[in-house]
Amino acid sequence: MELRERKTQATLKEKITDHYRNRDFSPQKKDVGKLGVMFFWGMTISLFFEAQFVLIPYLYSGWHMIGMILLAFFTLFGTFINWMGMFTGSTGNVDKDSMKKHFPDATETPKGWKFCPTCQVDAPPRSFHCSHCNACILKRDHHCFFSNSCIGFYNQRFFILYIVYMVWGNIWALYLQITYLSEVYPLDSYFELFSFFPAVTIVQFLLGKLAMLNAILMIHIALCAICLCAALFFLFFETILMFKGMTSYESQRTGPIYDQGILNNIRSVFGPVKTIPLQIICPLFPVDQQNDGCIWENTRIKSH
Ligand SMILES: [Zn+2]
Ligand SMILES: [Zn+2]
């Protein structure tokens, strides 16, 4: 009976393999992802230069100015490192060795694992194939629009810190922009707040009622406000998911079935909790996640 089941499973696997072998799985939507990358870097670089050459020199002087310039470099550095961590940390982390490492004698797909017909590998629990990255991603959370890469086991901490930098960067940028603009372009009435809608800003600029620098600043303010709202939402959502030990997919389908308690859940993302402040200051800080992302205990099965 057992032999017959194994044979049926193997045949099914072969059928699936044959079915998918000749299909084209090359990434289809990379260009959409590139738009997100271009938007992110366009905003980041333009905000950096705006702060360095317009806002900070106007608002500060002496040592205060030098301190603020260094703070801008620190913010850019942290954003860049976390973005690079997101960009490089997910693809290619499930391969044929993943199963051999944990089940050296296995001839069939281990229990809880699943065979990916595209990658032709047995993939661990919580991993999913991403058609954009064309790879199976360990503990896949989602495909990120701003880095055009998947967020998973190895780069979730960079993603969360990246959002922390987004929240900080946008709040600081808004503070500098609004302080500057309130001095060089004071509003006569609340009605003039309509000027901050990008379409109205552009029309006013084209009509010659707004200097180019002020128009750029006002568009930046609108975009920063939108980015800040999005970053706050993602920070809240991702923190809750991390505390519960869930991925976005699991939050919609299965619930917290790999919940190991809040501290262990945080450790599996950031490593030792006491290193988190150091990771915020220097994202290059080495991390030991105490797991390789392949073995997950299904706590729901255990409790029954
Ligand atoms: Zn795959
Ligand atoms: Zn992806």
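Read the numbers this way: they start at 1 and go in the same order the structure lists the ligands and their atoms. A quick note: this is a predicted structure, and the numbers were derived from the prediction, not measured.
Considering just the N/O/S atoms of His143, the one nearest the Zn ion (ligand 2) carries the name ND1.
Ion pair Glu250/Arg126 flagged as a salt bridge, since at least one NZ, NE, NH1 or NH2 atom sits closer than 4.0 Å to an Asp/Glu carboxylate oxygen.
For the Zn ion (ligand 1), the count of nearby protein N, O or S atoms, meaning those under 2.8 Å away, is 4.
The aromatic rings of Phe48 and Phe73 sit perpendicular to each other, their planes meeting at more than 60°, with 30° as the lower class boundary.
Here CG of Leu47 is found 7.0 Å from CG of Asn170. Values are rounded to the nearest 0.5 Å.
Under the side chain to side chain contact (heavy atoms under 4.5 Å, CB included) rule, Trp172 has a single partner from Val167, Thr75, Leu55, which is Thr75.
A heavy-atom distance below 4.5 Å is found between the side chains of Phe40 and Met166.
Annotation: cation-pi pair Lys34/Phe39 absent, no NZ/CZ under 6.0 Å from the ring centroid and within 45° of its normal.
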